Amino acid sequence: MDDTDSSDSWDFQDEDGPCFSSNGSNSVIPSRGASMCGAEGSTSNQSRSNAISHFTEMGFAEDLVIKTVDEKGEENTEAILETLLAYTAPEECASRGEPVLSHPSSPEFEWDSFDDLSDFSDAESCLQNEENLEPVPETKMMQLVAMGFSIGEVSAAINSSDPDTSIADLMDYISAAQMAEPTSDHPRELPFEGRGTPDVKKKKLVKQEFQRGREIRAWRSSRKEEMEKRKRYLSPVEDDFIKIPQLMIGFGVPRHPRIGFKRKLPDVAIGPPYFYFENVALAPKGAWSSISRSLFNIEPEFVDSKYFCAAARKRGYIHNLPTDNRFPLLPIPPLTIAEALPLSSRWWPSWDVRKQFNCLLTCYGSALETERIRKDLEGWQGDPPEHIQKRVLNKCRKWNFVWTAKNSVAPLLPEEVELMLGYPRNHTRGGGTSQAERYKSLGNSFQVNTVAFHLSVLKNRFPNGISVLSLFSGIGGAEIALHQLGIPLRFVVAVEISEVSRNIFRGWWENTDQKGVLIDNITDVTMLTADKIEKLVDYCGEFDLVIGGSPCNNLTGSNRWHRDGLDGKQSVLFYDYCRILNTVKRLMREN
DNA sequence: AGGACTCGGATACGACTG
DNA sequence: CAGTCGTATCCGAGTCCT
C-alpha cells in the first residue's frame with residue numbers, strides 16, 4: 001500500500017488503547033475497539049480526544065500531543081506521528097528554542113562522540129543506562145516502524161489484519177508483501193527514513209536520533225511479543241512446512257553433490273550484501289519455519305559436518321550465497337575417528353562401533369564418569385557382557401569419550417576438538433582461558449570446513465578483500481574460514497559478548513598478521529543500532545557479508561532447563577540479526 | 001514403542017586470592 | 001575470612017528414526 005495515496009486507508013492501535021482508521025476522505029473514525037456511539041455533531045470532538053488519548057498512550061507528553069493534534073488536524077495521524085517523533089529529538093527541540101522533551105525510553109548518551117569510531121565500547125554504557133529505564137507503552141505501528149519497515153508497509157499489514165494479530169504475524173505479512181511483485185497496492189518503497197522531501201537531510205537526522213530509542217524499545221518489547229510467537233510455533237497445529245532432511249547434505253557436500261541443483265532466491269533476498277545465518281538444525285518444531293520467515297522465506301540448507309570432519313554437527317544455514325562451483329578447503333580433514341586419532345585405535349574395543357563422534361558440545365564428561373567405566377570393564381576376561389558393552393557405549397556416545405588405554409576412556413582434549421572443528425591447534429589456548437572456557441567456546445563455534453565450503457564461492461568475487469559484519473562472532477570461525485580460503489579480510493566488525501572469545505579471536509588476528517582493520521569493541525548486538533551501523537558503513541565502506549550464528553541455548557535439545565525456543569533469553573537475539581541485516585540492506589539501497 | 005541424539009544450566013563445593 | 005573462580009555433579013524432554 002502506498003501511504004501517500006489518499007484513496008488508501010490505514011489504522012493503528014495500541015494493545016489496549018483506542019484505535020482509529022483514517023479512510024479515504026481523511027476523516028478519522030473510530031474502528032474496532034473504539035465506540036461508535038454519540039451524536040453526529042460530537043464526532044469531531046470525539047475524534048480529537050481519541051487522537052489525543054491515542055498518542056498520549058504511545059508515551060508522548062500530553063501538552064505536546066494536544067498542540068500537535070490541533071496544529072495538524074486530528075485526521076492527519078501520520079503527520080502527527082512524524083511531528084511528535086521529530087519533536088522528541090533533543091536537537092530539534094533546542095533548535096526551536098523549546099524545552100527538550102525527554103522520552104522515557106530515549107537513553108541520554110553521547111552519540112556524537114562516535115565521530116571517529118575510536119571507541120564503540122560506549123555501547124556498554126548505553127546498555128547500562130537503558131537497563132535503568134522503565135518500559136513505555138508501545139504500539140505495533142511504532143514497533144514495526146522501529147524495526148525498519150516503512151509506515152506504508154506497516155499500515156497495509158495492520159489494516160489487513162485482525163486487531164489481535166501479533167507483531168510476528170504482521171512481520172510475516174510485510175515480508176510476504178515485500179516478496180510479492182510490486183503492485184499498486186504494495187509498491188516496493190523505500191523505508192521511512194529514505195523517502196525524499198526537500199529538507200529530507202534534516203528530517204533524516206532527526207528521525208535517526210529518535211530511531212535509536214525506538215530500536216532499543218523494539219528490542220525490549222520484542223521479547224514480550226515473541227511469547228505469542230512461541231505459543232504459535234510450539235503448537236502442534238502449527239504447519240511446520242520445513243522438514244529436517246534425514247540425509248543432511250544441504251545443497252550438496254563434496255562427496256555427495258546434488259547434480260543439477262538450482263535454487264531461486266526471492267528478489268528481496270538477493271544481495272548485496274551477502275548474508276549467512278547459522279543455528280542448530282534440531283531446534284524445536286516450527287523454529288526453523290519462523291527463522292526462514294524472518295529471513296525472506298529462504299529455504300534453510302541443513303548440513304551435517306560429519307561430511308567435513310570426524311564429528312557430527314547438524315546445523316541449518318540460511319544464506320543468499322551462490323551455490324555453484326563451491327570447493328572445499330584442502331587438505332580434507334580426517335573423516336573418521338581412526339584417522340583423526342590414530343593413537344587411540346590401539347585401545348579401541350571391537351564392540352565400540354563408533355566411526356565418528358557425535359556433536360562436539362560445550363560440556364564434557366567428568367573424571368568420575370570415566371572412572372565408573374573403568375570399573376565396569378575391569379575384571380572381565382576378554383570382552384565384557386553385552387549389557388555392560390551397551391551401557392559403556394552409550395556413555396561413550398553421550399560424552400564423546402576416546403579410548404586412551406585398556407579399559408580406560410577420556411574426554412577429547414581441547415586441541416583435538418580444535419582440529420576436528422577446523423581451527424588451528426591451540427587456537428583457544430592462552431590468554432587466561434580455562435579448560436571449561438575452551439570447551440565452551442569451541443562447542444559454540446562454527447565447523448570451519450563446512451562454513452568455508454559455503455563461503456568458497458566468494459573467493460573469485462572478492463579478490464581484493466572483503467568487508468565483514470560478523471555477529472555473534474565467537475572465536476572467529478567465519479573469519480578463519482575466509483582466511484583459509486585466501487580471501488583477504490579488509491574490514492571485520494566482530495560483535496561478540498564473551499570477552500574470552502573476543503580475546504581468542506584478537507589473538508588469532510594478531511598471530512596471523514592480518515592487514516585489514518578489526519573493530520571488535522562492540523560487544524552486544526542489541527546495541528548495534530542503525531546509527532552505529534551507518535557510522536561503521538561510513539568508516540569501512542559497505543559490508544560485503546553479514547554473517548553470524550545466533551545463540552542456540554534455547555533451541556538445542558541439550559538444554560534441559562530453558563529450551564524456550566526463539567523467544568528464549570539468548571536465542572531471541574536472532575531477531576537482532578534480522579534487524580541488523582535489514583538495516584545494512586536499507587543503507588545499501590539508499591547509497 | 002523404544003532407542004538415539006542434542007552449539008546446556010543450576011548448584012554445591014573446594015581451591016585460590018587479597 | 002569473605003569473595004571469586006573453576007570444577008564436578010546433578011538435572012529430562014523434544015524429536016526423529018527404526
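The chains referred to below are lettered A, B, ... by the order of the sequence lines, with proteins before strands, and numbering in each begins at 1. All of these numbers come straight from a predicted model, not from anything done at the bench.
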Participant: Examine distances only and state if a side-chain atom of A:Y274 and a backbone atom of A:P322 form a donor-acceptor pair shorter than 3.5 Å.
Facilitator: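 No, the answer is negative, given that no donor and acceptor are paired below the 3.5 Å cut-off.
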Participant: Regarding A:C363, tell me which of base, sugar-phosphate or nothing describes its non-hydrogen contacts under 4.0 Å with the strands shown.
Facilitator: base
Participant: First locate atom CZ of A:R326, then atom OG1 of A:T323, and finally report the distance between them rounded to the nearest 0.5 Å.
Facilitator: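 Here the interatomic distance stands at 6.0 Å.
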Participant: Could you please name the partner base of B:dA15, counting Watson-Crick and G-U wobble pairs only when both distances are under 3.5 Å?
Facilitator: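 The answer is C:dT4, by the H-bond criterion.
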Participant: Expressed as a whole number of angstroms, how long is the span from A:K398:NZ to C:dT9:P?
Facilitator: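 These atoms are roughly 13 Å apart.
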Participant: Using a heavy-atom cut-off of under 4.0 Å over every strand shown, decide if A:E369 touches base, sugar-phosphate, or nothing.
Facilitator: nothing
Participant: Nearest nucleotide by nearest heavy atom, which residue falls closer to the 5' end of DNA chain C, A:Q435 or A:N559?
Facilitator: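 That would be A:Q435.
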Participant: Please check if the number of heavy atoms outside A:R263 that lie under 6.0 Å from its CZ is greater than 12.
Facilitator: yes
Participant: C:dC10 P sits how many Å from A:K395 NZ, rounded?
Facilitator: 10 Å
Participant: So A:R397, base contact, sugar-phosphate only, or nothing? Heavy-atom distance under 4.0 Å.
Facilitator: sugar-phosphate
Participant: Starting at the 5' end of DNA chain B and moving along, which residue's nearest nucleotide shows up first, A:R313 or A:K390?
Facilitator: A:K390
Participant: Pick the nucleotide of DNA chain C nearest each of A:P245 and A:L368; which residue has the one closer to the 5' end?
Facilitator: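 The answer here is A:L368.
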Participant: What nucleic acid atoms does A:S550 come within less than 4.0 Å of, heavy atoms only: base, sugar-phosphate, or nothing?
Facilitator: base
Participant: In whole angstroms, how far is the C1' atom of C:dA13 from the NZ atom of A:K285?
Facilitator: 15 Å
Participant: First and last nucleotide of DNA chain B in contact with chain A, 5' to 3', at under 4.0 Å to a heavy atom: what are they?
Facilitator: B:dA4 to B:dA10
Participant: Around atom NZ of A:K440, are there more than 12 heavy atoms of other residues, nucleotides or ligands at under 6.0 Å?
Facilitator: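 Atom NZ in A:K440 is not packed in, count stays at 12 or less.
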Participant: Contact class for A:N358 (heavy atom, under 4.0 Å): base, sugar-phosphate, or nothing?
Facilitator: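 Sugar-phosphate, backbone atoms only, no base.
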Participant: So what does A:G549 touch, heavy atoms closer than 4.0 Å: a base, only the sugar-phosphate, or nothing?
Facilitator: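 Base contact.
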Participant: Does the pair A:E386/A:K390 count as a salt bridge with the N-to-O cut at 4.0 Å?
Facilitator: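 Between A:K390 and A:E386 there is no salt bridge, as every charged N stays at least 4.0 Å from the carboxylate O atoms.
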Participant: Whole angstrom is fine here: how far is it from CZ in A:R438 over to C1' in C:dT7?
Facilitator: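 After rounding, the gap between these two atoms is 16 Å.
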Participant: Hey, is A:E415 close enough to A:R438 for a salt bridge, meaning N to O under 4.0 Å?
Facilitator: yes
Participant: I'd like the C1' distance from B:dA4 over to C:dG12, given in whole Å.
Facilitator: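 Taking atom C1' in both C:dG12 and B:dA4, they lie 14 Å apart.
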Participant: B:dC7 pairs with which nucleotide, Watson-Crick or G-U wobble, both distances below 3.5 Å?
Facilitator: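 Partner of B:dC7: none.
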Participant: Measure across A:I580 and A:I533 and return the closest heavy-atom pair with its distance rounded to 0.1 Å.
Facilitator: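 Closest approach of A:I580 to A:I533: CG2-CD1, 3.9 Å.
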